[in-house]
Q: 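The structure under discussion is supplied below as structure tokens; questions concerning it will follow.
This one's a predicted model, so the numbers in the text were calculated from it and none came from an experiment.
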Amino acid sequence: MGKELPKIYEPQEVEGRIYRAWEESGCFRGRRDPKKKPFTIVMPPPNVTGQLHMGHAMDSTLQDILIRFKRMQGYAALWVPGSDHAGIATQVKVEEELRKNEGLSRYDLGREKFLERVWDWKAKYGARIVKQQKKLGSSCDWERSRFTMDEGLSRAVRHVFVSLYEKDLIYKGSRIINWCPHCVTALSDVEVEYQDKPGSLWHIRYPIQGEQGRYVIVATTRPETMLGDTGVAVNPADGRYADIVGKKCVLPLVGREMPIVADEYVDMAFGTGCVKMTPAHDPNDFEVGLRRNLETIRVLDDHGKVVEGYGKYSGMDRYEARKAIVADLEEQGYLVKVEPHQHNVGTCSRCHSDVEPLISAQWFVKMEPLAREALRVVREGETKFVPDRFSKTYINWMENVRDWCISRQLWWGHRIPAWTCEECGKLTVSETDPAECCHCGSARIRQEDDVLDTWFSSALWPFSTLGWPENTEDLQYFYPTDVLVTGYDIIFFWVARMIFSACEHTGRPPFHTVFIHGLIRDDKGRKMSKSLGNGIDPLEIAEKYGADALRFNLVTGNSPGNDMRFYTERCEAMRNFANKIWNASRFLMMNLTIDKCALPAKLELEDKWILSRLNRAVSEITENMDRYELGVAAQKIYDFIWDDYCDWYIELTKTRLQGEDGDSKVRAQQVLCHVLIQMLKLLHPFMPFITEEFGRANCLQRTGTCAAGSRRSK
């Protein structure tokens, strides 16, 4: 008779012990094997500032299911983990800590000393999310863990920058960018969150020069930027204003004479059909300004205050200036009316301040040439999206992509490898720090202060983590990777950048499949956030119900590309499922007398039935897994174990196990044991801890088979 299991399954006692055993055995290491086909996943690197949240938990669970499934199928499976230096987020945290504890700013320390503090902070907190991921069972090759500012990855970043610069695909110029006056840096698109906010639409008279008493009326949501107006635009098809195109108007409060131009950009139905042009503070106005040769005048500084030269408004914060300008417009008779207006306002994802579009000298990547190949590989199916509808989202964005602003006004990050000569004024761009100007030989050169956008380094993640730009054995064997698992919210910002970067620098797309999942919402369908106070700590759930229960809850509610609601009560149901399996296995062990688990030659009717159900389940679940229908696969495993095996087959065999017919009893044990082992293998990618614990149980080892042990399962 087999060794009796404890009456109750205690995940808190099992999970830590099992994970330590996995790590000690090295069973998660990705090893090159010429006899095996590789299967590679690179983890979307969480921020080094990270605290594991439910979105991380789902992302990691889906990846872990896939990598365990392929590992058990016999692939040379590699899951590369890592973390992102998260330029803005990390610098903000360190600055807050410095200000709170020591009353200092980064400028008090200076760049070098401040960066020492950031590295100290990273060393202290950087490993936190790794420990949390291990608690959920993530089977990464932790020895290969990468950080976006590792020496090798930093070398790859410099190599790419220089390569693109030499191909004239990177340039420095003045364009409209997203700017955070609080963080005092440019932002990428992904760092801007749009919120629907109540505002106003101010209607203002602009006098037409030389025609006393005649005005054009413009409507604006941002009267403070009118100080930088350099024109008024109307639609060329708008007959109301045909006679004033080419004339000039006068900017109220400032007195600047400005041309009235015609441009198709203007929406005749919005406002009055006349639009004030502020090329330095609006991306659309900037483009119109380029087409119509309008002057560009910036009136807000990096802190969102009015620059010098505007009288009493100079030095005012943008919103303080708005009130003063509106009051003066009304007093001087220029304000026609004010209407309530609901509109989208961009806010900084870090500090939640309103983002200011403004013109700034920044570094940019030319996107149109890079987008061509990135579009081709998706259109021709070399890289597929699951679900496929997201390929249309990707294609639409790539077809309309704008040049990418890659410079950030930070100290933490990859410093731009460009040096300006103080003698000749020309740039030297180099992978290694130069001693002199490459144009005139002067030693008086100064490196750019700005760092690169965090996404610039993470765009290289699928191949830089494998040793690129060196042609390493790992790169030759494991690249291109197989599947990227990520949420739909960063298709534009990260997925697209990885695809065009890989195509440009390796000649191949970085992965053949992009598996898109939705967001996790609370039980009311709301996005989880600190402000709403509805966030759920996955580690608390795992501690209470077990990591397996949390994982199974996450995956059974998952449908590719769709958001899901998280119900804590379902974790209790999944814990009950774990207990159901435990009790079934405990029952078998208590009644097991056989030494081997081979199927008998003679099968009774119920044996044939459960084996047919098992074969069907294996076939369908494997097909579901191959199609990334993980939620469907999980539900089928659940139904087979609970209904077919526990509720029916075990009950049907009890009379044989307790009867006098010895041969029938043995045959029942053999089939029970065989089906249990196979169903635990099916379950292992989803619930690795409990299945591994069964795999290590004496009865199953005695039969010569480990149920689902990561080291032994094939």
Side-chain angles (χ1 to χ4, degrees), residues 38-45 59 62-63 66 78-80 82 84 146 148 153 156-157 159-161 163-164 167 169-170 188-191 364-406 452-469 475-476 478-517 560-561 628:
F39 184 88
T40 316
I41 295 177
V42 290
M43 173 189 291
D59 205 60
L62 297 177
Q63 291 173 78
L66 290 173
L78 170 63
W79 184 12
V80 181
D84 194 295
R146 297 291 183 264
T148 48
L153 275 68
V157 166
H159 181 82
V160 165
F161 187 95
S163 173
L164 293 176
K167 294 175 182 176
L169 292 173
I170 281 183
S188 68
D189 295 338
V190 75
E191 292 160 335
F364 295 88
V365 173
K366 290 182 182 177
M367 286 304 305
E368 193 273 333
L370 295 170
R372 294 179 201 137
E373 181 66 5
L375 280 165
R376 185 195 67 78
V377 298
V378 172
R379 283 173 173 154
E380 296 184 6
E382 290 183 36
T383 295
K384 297 180 180 179
F385 283 78
V386 177
D388 179 64
R389 68 178 185 271
F390 288 105
S391 64
K392 298 179 179 64
T393 304
Y394 168 89
I395 289 171
N396 181 64
W397 189 76
M398 290 297 286
E399 286 179 335
N400 297 282
V401 70
R402 294 182 177 181
D403 287 357
W404 172 21
C405 175
I406 57 172
L452 289 163
D453 178 12
T454 299
W455 297 97
F456 192 89
S457 52
S458 60
L460 317 180
W461 190 248
F463 47 98
S464 65
T465 51
L466 295 172
W468 187 93
L475 190 69
Q476 294 174 38
F478 289 113
Y479 184 83
T481 67
D482 289 271
V483 183
L484 176 78
V485 180
T486 191
Y488 60 68
D489 51 337
I490 56 173
I491 290 176
F492 319 128
F493 315 114
W494 187 44
V495 177
R497 286 169 181 163
M498 282 190 288
I499 293 176
F500 75 67
S501 295
C503 290
E504 173 66 19
H505 302 299
T506 73
R508 294 179 289 179
F511 25 71
H512 61 67
T513 301
V514 183
F515 176 27
I516 300 291
H517 61 74
Y628 302 98

Q: Nearest 0.5 Å, what's the CG-CD1 distance between D403 and I170?
A: 11.0 Å
Q: Taking all non-hydrogen atoms of both residues into account, name the closest pair between Q63 and V42 and its distance.
A: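 Where Q63 meets V42 most closely, the heavy atoms are OE1-O, 3.9 Å.
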Q: Begin from the C-alpha positions of V483 and V386 and carry the test side-chain contact (heavy atoms from CB on, under 4.5 Å) through to its verdict.
A: CA-CA 10 Å; V483 183; V386 177; over 6 Å; no
Q: Between W397 and V401, is the side-chain contact (heavy atoms from CB on, under 4.5 Å) condition met? List the steps.
A: CA-CA 6 Å; W397 189 76; V401 70; 3.9 Å; yes
Q: List in chain and number order the residues that pass side chain to side chain donor-acceptor pair (under 3.5 Å) with D482, two or more places apart in sequence or in another chain; answer none if no residue qualifies.
A: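 H512.
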Q: Using 0.5 Å steps for rounding, measure from the CZ atom of R146 to the CG atom of L466.
A: 8.0 Å
Q: Can you confirm whether F161 sits close enough to I406 that some side-chain heavy atom of one is under 4.5 Å from a side-chain heavy atom of the other?
A: yes
Q: Between V80 and F478, is any pair of side-chain heavy atoms under 4.5 Å apart?
A: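 Contact flag for V80/F478 side chains = no.
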Q: Mind checking what makes ring pair (Phe, Tyr, Trp, His ring centres under 6.0 Å) contact with Y488, not counting sequence neighbours?
A: none
Q: Tell me, do I516 and T486 make a side-chain contact under 4.5 Å, heavy atoms counted?
A: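 Yes. Closest side-chain heavy atoms under 4.5 Å.
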Q: Mind checking salt bridge (charged side-chain N to carboxylate O under 4.0 Å, His left out) for K392 and listing every partner two or more places apart, or none if nothing turns up?
A: D388
Q: My understanding is that only residues two or more places apart in sequence, or in another chain, count here; which of them pass ring pair (Phe, Tyr, Trp, His ring centres under 6.0 Å) with F511?
A: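 None.
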Q: Who pairs with K167 by side chain to side chain donor-acceptor pair (under 3.5 Å), at least two apart in sequence or on another chain?
A: E504
Q: side-chain contact (heavy atoms from CB on, under 4.5 Å) for F385 and V495? Distances and angles first, verdict last.
A: CA-CA 11 Å; F385 283 78; V495 177; 4.1 Å; yes
Q: Would you say that V378 contacts V514 through its side chain, given a criterion of any heavy-atom pair below 4.5 Å between the two side chains?
A: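 Sidechains of V514 and V378: no contact.
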Q: Looking at T481 and P510, would you say the former's side chain and the latter's main chain have a donor-acceptor pair under 3.5 Å?
A: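 At least one qualifying donor-acceptor pair exists.
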Q: Can you find a pair of side-chain heavy atoms, one from L153 and one from L460, that are under 4.5 Å apart?
A: no
Q: T148: what forms a side chain to side chain donor-acceptor pair (under 3.5 Å) with it, not counting sequence neighbours?
A: H85
Q: My understanding is that only residues two or more places apart in sequence, or in another chain, count here; which of them pass ring pair (Phe, Tyr, Trp, His ring centres under 6.0 Å) with Y628?
A: F515
Q: How long is the straight-line distance from CG of L66 back to CD1 of I41, given to the nearest 0.5 Å?
A: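 Atom-to-atom, I41:CD1 and L66:CG are 5.0 Å apart.
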Q: N396 vs N400, test: side-chain contact (heavy atoms from CB on, under 4.5 Å). Steps then yes/no.
A: CA-CA 6 Å; N396 181 64; N400 297 282; 3.5 Å; yes
Q: Any non-hydrogen side-chain atom of R497 less than 4.5 Å from a side-chain atom of D453?
A: yes
Q: Please report the closest heavy-atom contact between P480 and R508, naming both atoms and the distance.
A: CD-NH1, 3.5 Å
Q: For the atom pair CZ (F364) and CZ (R402), what is the distance rounded to the nearest 0.5 Å?
A: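 Spacing of CZ (F364) from CZ (R402) equals 11.5 Å.
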Q: Are W494 and P45 close enough that some pair of their side-chain heavy atoms sits under 4.5 Å apart?
A: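 Yes - at least one pair of side-chain heavy atoms lies under 4.5 Å apart.
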Q: I'd like to check V160 versus L164 (side-chain heavy atoms, cut-off strictly below 4.5 Å). Are they in contact?
A: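 They are in side-chain contact.
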Q: Run the ring pair (Phe, Tyr, Trp, His ring centres under 6.0 Å) test against Y479 and tell me which residues pass, sequence neighbours left out.
A: none
Q: H159: what forms a side chain to side chain donor-acceptor pair (under 3.5 Å) with it, not counting sequence neighbours?
A: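 For H159 the side chain to side chain donor-acceptor pair (under 3.5 Å) partners, ignoring immediate neighbours, are E431.
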Q: Could you list the residues that satisfy salt bridge (charged side-chain N to carboxylate O under 4.0 Å, His left out) with R376, not counting sequence neighbours?
A: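 E373, E380, E382.
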Q: Sequence neighbours left out, what passes salt bridge (charged side-chain N to carboxylate O under 4.0 Å, His left out) with R372? Give chain and number order.
A: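 Partners of R372 under the salt bridge (charged side-chain N to carboxylate O under 4.0 Å, His left out) test: E368.
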Q: Applying side chain to side chain donor-acceptor pair (under 3.5 Å) as the test, list every pair that has at least one member in residues 457-468; sequence neighbours left out.
A: none
Q: Just verifying a value: how many Å separate M498 CE and L484 CG, rounded to the nearest 0.5 Å?
A: 4.5 Å
